[in-house]
K.L.:
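The structure under discussion is supplied below as structure tokens; questions concerning it will follow.
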Amino acid sequence: MTGFKTLDDLAAKTPAGAIVLVRADLNVPLDETGAVRDATRLERLLPSLKQLSQAGYRIGILSHFGRPKGQVVADMSLAPVAKALGVLLGQEVAFAANCIGEPAASALAALPEGGICVLENTRFHAGEEADDAEFSKALAASADAYVNDAFSAAHRAHASTHGITQHLPTYCGAAMQAELEALEAALGAPQRPLVAVVGGAKISTKLDLLGNLSAKVDVLVIGGGMANTFLAAQGHDVGKSLCENAMLDTAREIMAQAEAQGCRILLPSDAAVAPEFAAGQTPTIVSSESVPSDQMILDAGPDAVTEICSAFDSAATLIWNGPLGAFEIEPFDTATNKTAQHAAKLTQAGGLTSVAGGGDTVAALNHAGAGPNFTYVSTAGGAFLEWLEGKPLPGVTALKSN
Ligand code: AMP
């Protein structure tokens with residue numbers, strides 16, 4: 001990986017016993033009892049933490065949790081997450097009641113070699129989101145090196161992702177490295193043909209993403225509710241379907257821009273329709289050009305599935321964001337399931353590099369049983385989307401420049 005210093009570089013420069021701060025993303029969903037509902041993000045941290053611990057470093061973990069907006073908010077404490085992390089690691093994880101000052105310094109100093117301590121929520125301090133220079137310095141005060149292993153927080157220029165890199169030798173963690181390598185393989189220097197699937201509800205939330213992708217990919221599959229707006233922009237009646245009538249000109253512009261750049265837009269040629277967005281309905285399959293006025297499109301139809309799968313067959317690389325239909329309600333998960341399962345099969349056969357992420361995508365691919373067989377599924381929401389939009393991520397830029 002060019003331009004980044006990795007954990008191997010850290011090991012070459014840093015003696016055992018040194019204090020290494022790791023910026024992690026411990027912002028995981030908790031249930032009412034304080035138990036972690038989905039530990040995926042914690043599991044992805046284990047390789048970096050184990051490598052650093054085994055090398056004898058004393059590790060302080062920095063993370064935000066929720067949105068306390070610079071105040072101490074008791075139910076946004078990282079203490080329960082520290083416990084859950086300890087269980088996953090199979091080692092005791094200490095906890096410091098403040099991420100700066102004496103509590104942090106003494107907790108870190110008390111660690112044995114290889115010991116790990118979670119420092120309290122960085123967002124309990126207003127300086128975190130303000131990327132404040134003094135707060136950044138205070139975070140760095142008792143440490144010898146800094147590792148960023150939180151790609152999902154890299155779209156924010158905050159003290160613990162950005163400012164701190166001014167004060168400590170900075171390295172890229174193993175999970176961050178895997179994410180950056182996957183993203184590079186998908187959009188930076190991809191094998192072609194490159195196909196992108198963009199689904200989900202609305203165009204208006206994905207304008208930058210559609211603009212960036214249409215300039216870079218060979219085929220852009222548009223699905224979900226947003227496809228309805230494109231169909232309407234082509235002059236088709238979409239009945240009662242979700243459709244952003246204010247975006248018809250924008251949809252036409254995106255189609256013209258894609259054509260000018262040699263990107264083929266693939267819209268669903270048929271659709272599963274029903275009278276309303278509700279469970280327990282038997283859908284009718286209709287051509288996308290003749291949706292009855294009392295029906296709404298809730299999924300792509302079987303011909304569209306065949307066309308999308310055939311685009312995947314010819315592809316070397318696939319990027320996926322958003323479901324192709326209202327996948328939360330059966331049977332409107334059919335197109336998402338079938339196409340995702342086909343992409344997973346091609347990936348496992350070695351013919352396709354498949355990278356997915358953002359919003360509901362992880363849930364949709366896991367619902368299809370396909371997620372684990374993709375090359376890489378990003379658990380980063382906003383950071384993945386901003387990367388798809390082609391925006392520089394401050395947390396990643398800071399890793400390069402330090
Ligand atoms: P997004 O968060 O933009 O990725 O959108 C995901 C949401 O789009 C999911 O909740 C889907 O149920 C919804 N969706 C997908 N296709 C349709 C459709 N044809 N009509 C209404 N909602 C849809």
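Counting starts at 1 for both ligands and their atoms, following the listed order.
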K.L.:
List the closest protein heavy-atom neighbour of atom 21 (C) of ligand 1: residue, atom name, distance to the nearest 0.1 Å.
P.N.:
Phe277 CE1, 3.5 Å
K.L.:
May I ask you to check if Arg41 and Phe65 form a cation-pi contact, with NZ or CZ under 6.0 angstrom from the six-membered ring centre and within 45° of the axis?
P.N.:
no
K.L.:
Specify the protein heavy atom at minimum distance from atom 4 (O) of ligand 1: its residue, its atom name, and the distance to 0.1 Å.
P.N.:
Lys206 NZ, 3.2 Å
K.L.:
Is there a polar contact, in the sense of an N or O pair closer than 3.5 Å, between Lys202 and ligand 1?
P.N.:
no
K.L.:
For atom 23 (C) of ligand 1, find the nearest protein heavy atom and state the residue, atom name and distance (0.1 Å precision).
P.N.:
Gly225 N, 4.1 Å
K.L.:
Looking at Gln91, I want to see if its CD is surrounded by more than 12 non-hydrogen atoms of other residues, nucleotides or ligands under 6.0 Å.
P.N.:
yes
K.L.:
How far is atom 14 (N) of ligand 1 from its nearest protein heavy atom, and which residue and atom is that?
P.N.:
Gly325 O, 3.9 Å
K.L.:
Do any nitrogen or oxygen atoms of Gly322 come within less than 3.5 Å of a nitrogen or oxygen of ligand 1?
P.N.:
no
K.L.:
Is there any N or O on Ala201 that sits under 3.5 Å from an N or O of ligand 1?
P.N.:
yes
K.L.:
According to the interplanar angle, ranging from 0 to 90°, do the rings of Phe327 and His367 count as parallel (below 30°), tilted (30 to 60°) or perpendicular (above 60°)?
P.N.:
perpendicular
K.L.:
Distance from Leu108 atom CG to Leu21 atom CG, nearest 0.5 Å?
P.N.:
6.5 Å
K.L.:
Using distance alone, decide if ligand 1 has a nitrogen or oxygen within less than 3.5 Å of any nitrogen or oxygen in Pro323.
P.N.:
no
K.L.:
Checking a contact table here: which protein heavy atom is nearest atom 6 (C) of ligand 1, and how many Å away?
P.N.:
Asp360 OD2, 3.3 Å
K.L.:
Between Ser354 and Thr347, is the side-chain hydrogen bond (donor to acceptor under 3.5 Å, both in side chains) condition met? List the steps.
P.N.:
CA-CA 7 Å; Ser354 51; Thr347 305; 2.8 Å; yes
K.L.:
Got the closest protein heavy atom to atom 20 (N) of ligand 1, with its distance?
P.N.:
Ile297 O, 3.7 Å
K.L.:
When only distance counts, is Thr205 in polar contact with ligand 1, meaning an N/O pair under 3.5 Å?
P.N.:
no
K.L.:
Look up atom CD1 in Ile297 and atom SG in Cys243, then write down how far apart they are to the nearest 0.5 Å.
P.N.:
9.0 Å
K.L.:
In the protein, which heavy atom is nearest to atom 10 (O) of ligand 1, and how far is it?
P.N.:
Glu328 OE2, 2.5 Å
K.L.:
List the atom of Ser288, the atom of Pro268, and the distance in Å for their closest heavy-atom pair.
P.N.:
OG-O, 2.6 Å
K.L.:
Rounded to the nearest 0.5 Å, what's the gap from CZ on Arg192 to OG on Ser314? Could you check?
P.N.:
14.5 Å
